[in-house]
2 protein chains.
Amino acid sequence: MSKKKSEQSREIFQRFLQSKGLKLTRQRQAIIDEILEEAGHFEPDEIVNRLRRKKINASRATVYRTLELLRESQLVEKLDIGEAGALYEHVSADAHHDHLICTQCKSVIEFHHEGLERQQAAICQHHDFQETHHSLRIFGLCKKCRKTKT
Amino acid sequence: MSKKKSEQSREIFQRFLQSKGLKLTRQRQAIIDEILEEAGHFEPDEIVNRLRRKKINASRATVYRTLELLRESQLVEKLDIGEAGALYEHVSADAHHDHLICTQCKSVIEFHHEGLERQQAAICQHHDFQETHHSLRIFGLCKKCRKTKT
DNA sequence: CTAATTGCAAAAAGTTTGCAAGCGT
DNA sequence: ACGCTTGCAAACTTTTTGCAATTAG
């Protein structure tokens, strides 16, 4: 299942590049592989370091440039987690989700709620607004941190 | 009404400073006045410039430092509008709202929807998550830009 | 008075860009 | 080959910080 999705993403990216006359270089390959391999939330620099550990070189500049391409092809999204900076995450076209962000331990919990989505759609309609995407972030304390609370 | 709210905010800030043994300086006064005067969304640098035009000097450093204090006292919030950077906005304790952000003209429309708020609360409960605040941003094309769409 | 505050300029942090050398198709 | 890419280092943008001079309470 997971493997299939990675394959799919790689194909999407490849097709995206092709359609724009761009090339699938060693670096771009490595970057998307790295992102798909360890799904989750990451910073650009993390990718550089993870690759470096594997003896693969990709400069910071290349990573930023590639992340931009991945964003264009809708394969990754940027998530601003407040104080703690910005993260990227891999997304599959069919699996939108929102985030609970713990301001204490920085953990990020994903969730999806149909009712919420529907109400948002209604709000857009009401404002004559044509949504392309949205981001709902709920900040607070996660289960664990509530207990540890001093 | 609006005047009253400004007064209220100023008082909240003053009390906040006092409670921390901090001082209400000329600069801090000017900064909060400026924010309250022209409600809306703004960048830190905008405040510096607006004040400069009025011949009031407040260095960038001071503006940043003061915005942080205003954030601590819950009088302003930061709003990340994607590509276009980050804005701050004045908020009154009793008037939470979310945002429709037009990716074409960068306009920001505020809205509030009780049903949405309730569903979010339910989600938090379900995850044993203690919310402190949240931010819902819906990106897309506003009414005007939909028409102008090429 | 005295501790908090300011402005400045330097330092950070994060991201972008120009350009010569290198690589994919 | 040709044109897209890369790496590098420099440039930028935004925000933070150390410090001597200043100011609010």
Side-chain angles (χ1 to χ4, degrees), chain A residues 10 13-34 41-52 54-73 76-88 106, chain B residues 10-11 13-34 41-52 54-73 76-89 106:
Chain A
R10 261 181 279 261
F13 190 42
Q14 198 163 157
R15 248 177 275 133
F16 170 82
L17 291 173
Q18 231 157 42
S19 78
K20 295 224 161 190
L22 306 180
K23 295 167 181 174
L24 182 57
T25 60
R26 200 158 20 84
Q27 289 87 336
R28 286 177 184 163
Q29 183 72 255
I31 290 165
I32 189 174
D33 282 354
E34 192 56 40
H41 306 86
F42 58 87
E43 299 181 21
D45 240 34
E46 231 179 286
I47 297 296
V48 179
N49 292 329
R50 283 209 246 150
L51 289 175
R52 190 162 297 158
K54 295 187 182 176
K55 309 290 186 195
I56 301 171
N57 266 70
S59 67
R60 204 159 304 171
T62 298
V63 169
Y64 276 103
R65 286 188 278 229
T66 303
L67 282 175
E68 180 53 28
L69 292 173
L70 287 167
R71 235 169 43 72
E72 278 176 48
S73 53
V76 308
E77 270 177 20
K78 204 177 179 178
L79 173 66
D80 179 15
I81 60 166
E83 312 296 278
L87 298 179
Y88 286 80
K106 314 292 183 204
Chain B
R10 260 182 279 262
E11 272 170 39
F13 191 41
Q14 199 164 152
R15 247 177 277 134
F16 170 81
L17 292 174
Q18 233 157 38
S19 77
K20 294 223 164 193
L22 305 179
K23 296 167 181 174
L24 182 56
T25 60
R26 200 157 19 84
Q27 289 88 337
R28 287 179 184 162
Q29 184 73 254
I31 290 166
I32 190 175
D33 282 355
E34 193 56 40
H41 306 87
F42 58 87
E43 299 182 19
D45 236 34
E46 230 179 288
I47 297 295
V48 179
N49 293 328
R50 283 210 245 149
L51 289 175
R52 191 164 294 159
K54 296 187 180 175
K55 308 291 185 195
I56 301 171
N57 267 71
S59 68
R60 204 158 304 171
T62 297
V63 169
Y64 276 102
R65 287 187 278 229
T66 303
L67 282 176
E68 180 52 27
L69 291 174
L70 287 166
R71 235 169 40 74
E72 278 176 47
S73 54
V76 308
E77 270 177 21
K78 205 175 178 179
L79 174 67
D80 178 16
I81 60 167
E83 313 295 279
L87 299 179
Y88 286 80
E89 67 179 333
K106 313 292 182 207

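Owing to the predicted nature of the structure, the values given are computational and were not obtained by experimental measurement. Reminder, nothing fancy here: chain letters follow the sequence lines and each chain counts from 1.
What separates CG of B:L69 from P of C:dA4 is a distance of 13 Å, to the nearest Å. If you take CD of B:Q18 and P of D:dG25, they are 9 Å apart, rounded to a whole angstrom. Atoms CD1 (A:I31) and C1' (D:dG7) sit 12 Å apart, rounded to a whole Å. Between B:N57 atom CG and D:dT22 atom P the separation is 15 Å, expressed in whole Å.
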Between side-chain atoms of residues 57-64 of chain A and protein atoms elsewhere (two or more places apart, or another chain), which donor-acceptor pairs fall under 3.5 Å?
{"residue": "A:S59", "atom": "OG", "partner": "A:T62", "partner atom": "N", "Å": "3.2"}
{"residue": "A:S59", "atom": "OG", "partner": "A:T62", "partner atom": "OG1", "Å": "3.1"}
{"residue": "A:R60", "atom": "NE", "partner": "A:D45", "partner atom": "OD1", "Å": "3.2"}

Under 3.5 Å, sequence neighbours excluded: what are the donor-acceptor pairs made by side chains of residues 18-32 of chain B?
{"residue": "B:S19", "atom": "OG", "partner": "B:F16", "partner atom": "O", "Å": "2.8"}
{"residue": "B:T25", "atom": "OG1", "partner": "B:R28", "partner atom": "N", "Å": "3.2"}
{"residue": "B:R28", "atom": "NH1", "partner": "B:K23", "partner atom": "O", "Å": "2.7"}

Can you give me the N/O atom pairs linking the protein to nucleotides 15-17 of chain D at distances under 3.5 Å, or say none if there are none?
{"residue": "D:dT15", "atom": "OP2", "partner": "B:Y64", "partner atom": "OH", "Å": "2.1"}
{"residue": "D:dT15", "atom": "O5'", "partner": "B:Y64", "partner atom": "OH", "Å": "3.2"}

Distances for protein N or O near nucleotides 21-25 of chain C N or O, under 3.5 Å:
{"residue": "C:dG24", "atom": "N2", "partner": "A:K23", "partner atom": "NZ", "Å": "3.1"}
{"residue": "C:dG24", "atom": "N3", "partner": "A:K23", "partner atom": "NZ", "Å": "3.2"}

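Going from atom CG of A:L17 over to atom CD of A:E72 covers 10.0 Å, rounded to the nearest 0.5 Å.
Residues A:E68 and A:R71 are paired through a salt bridge, judged by an N-O separation under 4.0 Å between the basic side chain and the carboxylate.
Remark: A:D33 pairs with A:R10 by the side-chain hydrogen bond (donor to acceptor under 3.5 Å, both in side chains) rule, at least two apart or across chains. With sequence neighbours left out, the salt bridge (charged side-chain N to carboxylate O under 4.0 Å, His left out) criterion links B:R15 to B:E11. Applying the salt bridge (charged side-chain N to carboxylate O under 4.0 Å, His left out) rule to A:E34 yields the partners A:R50, A:K54; only residues at least two apart in sequence or on another chain are considered.
A heavy-atom distance below 4.5 Å is found between the side chains of B:F42 and B:L67. Under the 4.5 Å side-chain criterion, counting only non-hydrogen atoms from C-beta, B:Y88 is not in contact with B:L79.
The side chain of B:S59 places no N or O atom within less than 4.0 Å of a non-bridging phosphate oxygen (OP1 or OP2) of C:dC8.
Five base pairs at each end of the helix from C:dC1-D:dG25 to C:dT25-D:dA1 define two local axes, and these are offset by 40° (rounded to 10°).
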